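Since the structure comes first, as structure tokens, the remarks are kept for the end.
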Amino acid sequence: MALLNFKKRDSGAEQPVTPEMEAFLKGYSIEVMPRTATKVDDFRALLPAGTRVYIAHIDGTPIEDMVATAKRIADEGFDVMPHFPARIIKDEATLADWIARYQGEAGVKQALLLAGGVSEPRGDFHSSMQLLETGLFDKAGFTHLNVAGHPEPNLDIDPKGGRANTYAALDWKQEFSKRTDAEMALATQFCFEAKPVIDWVNELSERGMNLPVHIGIAGPAKLQTMIKFAIACGVGPSLKVLQKRAKDVTKLLLPHEPGEVLADLAAHKAANPDFNITKVHFFPLGGIKTNATWAINNGGASAQPVNPQG
């Protein structure tokens with residue numbers, strides 16, 4: 001199976017849009033940070049109506065910047081889902097304050113709960129499960145609570161390899177989904193090959209884990225950029241794929257586009273309608289505008305922006 005498309009092509013050339021790809025990209029989400037969001041004059045010129053925009057909370061980012069970004073994007077008409085990284089939240093009072101700020105200033109009712117990118121907790125929390133257990137999100141009437149999924153084994157969670165701890169956490173979250181009024185889903189780390197993802201999603205279903213999967217896909221970026229982020233995020237097998245490709249130094253500056261992995265997943269979904277990937281979530285590693293433009297060119301009518309002339 002082909003993994004990545006490294007061929008140069010005319011970025012302005014019309015690309016055929018298949019019904020499978022258009023259906024698969026419908027309702028995609030995208031991730032921003034406060035500093036990357038400032039580079040976009042108007043998200044309505046890039047994103048379809050109703051797009052969910054995740055706001056990544058990197059350690060050290062003031063909550064004021066996060067809330068201001070959430071308000072700006074919500075005011076432009078999009079659903080906002082900020083990150084709540086457990087390990088950088090001091091205590092329950094801080095969590096309650098963040099929730100109140102997001103809701104009071106930006107009307108937020110969606111959240112991605114995750115452990116966070118730091119190795120040691122800065123306060124009382126170390127996992128997304130602890131955040132859920134506070135009951136604060138349900139008390140505040142959140143409608144959507146997404147949690148992290150890992151198509152590849154995660155050494156941060158399972159230091160010895162395998163998936164024992166990962167699956168134990170997913171079992172807990174599956175049970176929690178039965179006692180919350182919020183809709184829950186798994187938002188995954190980015191990946192580069194379809195078959196391991198298909199196998200993982202099918203294994204989840206066989207284990208009785210039926211939380212919808214929003215598959216993480218890296219948006220168009222240079223190969224060297226992909227490698228940098230893969231290392232930072234601890235992506236294992238995918239990193240090896242990238243490193244193998246990078247042995248040809250001429251490819252380091254060539255654009256990587258996600259067309260092939262998405263086409264493979266879209267075809268599988270079309271042939272297997274019950275396959276539990278329900279959304280695509282883009283990590284715009286090469287820039288928000290670059291990623292949105294790729295989606296516009298490859299997603300058909302479902303990916304057209306609210307105001308293309310903006």
Side-chain angles (χ1 to χ4, degrees), residues 27-40 42-44 46-117 123 125 127-149 173 176-177 179-188 211-212 214 216 278-279 281-284 288 292 306:
Y28 78 82
S29 59
I30 196 166
E31 187 160 305
V32 306
M33 295 178 285
R35 64 176 178 81
T36 59
T38 60
K39 299 178 182 179
V40 177
D42 189 342
F43 281 92
R44 290 167 292 195
L46 297 174
L47 303 179
T51 299
R52 173 182 286 159
V53 181
Y54 290 65
I55 307 177
H57 195 151
I58 307 302
D59 186 28
T61 303
I63 186 61
E64 292 80 7
D65 291 356
M66 292 290 299
V67 173
T69 302
K71 182 180 187 307
R72 176 260 170 112
I73 295 173
D75 285 347
E76 291 182 5
F78 298 100
D79 293 330
V80 178
M81 179 173 273
H83 290 196
F84 284 80
R87 293 175 188 167
I88 69 170
I89 299 174
K90 181 181 178 181
D91 51 30
E92 190 166 321
T94 301
L95 176 60
D97 177 61
W98 286 17
I99 290 172
R101 290 191 189 200
Y102 277 123
Q103 290 204 316
E105 299 180 41
V108 169
K109 289 191 174 182
Q110 305 186 25
L112 172 64
L113 280 59
L114 66 170
F125 302 114
S127 73
S128 61
M129 293 178 287
Q130 290 177 309
L131 299 181
L132 291 168
E133 281 184 319
T134 67
L136 292 175
F137 293 96
D138 284 319
K139 184 178 179 181
F142 272 60
T143 60
H144 294 79
L145 295 172
N146 285 5
V147 291
K173 294 166 186 174
F176 182 85
S177 71
R179 51 189 172 92
T180 177
D181 291 331
E183 294 182 25
M184 292 185 66
L186 300 179
T188 82
L211 294 179
H214 298 182
T278 62
K279 301 286 184 184
H281 175 60
F282 281 115
F283 293 87
I288 298 167
V306 176

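Note that the structure is a prediction, hence the values are computed from the model and not measured.
Lys173 contributes atom NZ, which lies 6.0 Å from atom CE of Met129 (distance to the nearest 0.5 angstrom). Here the NE2 atom belonging to His214 is positioned 8.0 Å from the CE atom belonging to Met81, to the nearest 0.5 angstrom. Atom CG of residue Leu145 and atom CG of residue Leu112 lie 10.0 Å apart, to the nearest 0.5 angstrom.
Nearest heavy-atom pair across Thr134 and Leu131 is OG1-O, 2.7 Å. A pairwise comparison of heavy atoms in Phe137 and Ala111 identifies CE2-CB, 4.0 Å as the closest pair. Closest heavy-atom contact between Val67 and Ala106: O-CB, 4.4 Å. In terms of heavy-atom proximity, Pro212 sits nearest to Met184 at CD-O, 3.3 Å. Considering all non-hydrogen atoms of both residues, Val108 and Val80 come closest at CG1-O, 4.1 Å.
With 3.5 Å as the limit, one finds a donor-acceptor pair spanning the side chains of Thr94 and Asp91.
Side-chain atoms of Gln103 come within 3.5 Å of backbone atoms of Ala140 as a donor-acceptor pair (strictly under, hydrogens ignored). At distances below 3.5 Å, not a single donor-acceptor pair connects side-chain atoms of Ser29 with backbone N or O atoms of Arg52.
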Any chance you could lay out the side-chain contact (heavy atoms from CB on, under 4.5 Å) test for Met33 and Thr61, step after step, and finish with the verdict? CA-CA 9 Å; Met33 295 178 285; Thr61 303; over 6 Å; no
Kindly indicate, with the supporting measurements, whether the criterion side-chain contact (heavy atoms from CB on, under 4.5 Å) is fulfilled by Lys109 and Tyr102. CA-CA 8 Å; Lys109 289 191 174 182; Tyr102 277 123; over 6 Å; no
Just do the side-chain contact (heavy atoms from CB on, under 4.5 Å) check on Phe43 and Thr51 with the steps written out, would you? CA-CA 10 Å; Phe43 281 92; Thr51 299; over 6 Å; no
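Counting heavy atoms from C-beta on, the side chains of Glu183 and Thr143 never come closer than 4.5 Å. No side-chain heavy atom of Leu132 sits less than 4.5 Å from a side-chain heavy atom of Thr180. With contacts defined as side-chain heavy-atom distances shorter than 4.5 Å, the pair Ile55/Pro34 qualifies. Residues Pro85 and Asp59 have side chains not in contact (no heavy-atom distance under 4.5 Å, counting atoms from C-beta outward). Taking 4.5 Å as the limit, some side-chain heavy atom of Ile63 sits within range of a side-chain heavy atom of Arg101.
With ring centers used as reference points, Phe84 lies 6.0 Å or more from Phe125.
Tested against Leu47, the residues Val53, Asp42, Ile288 include a single side chain to side chain contact (heavy atoms under 4.5 Å, CB included) partner, Val53.
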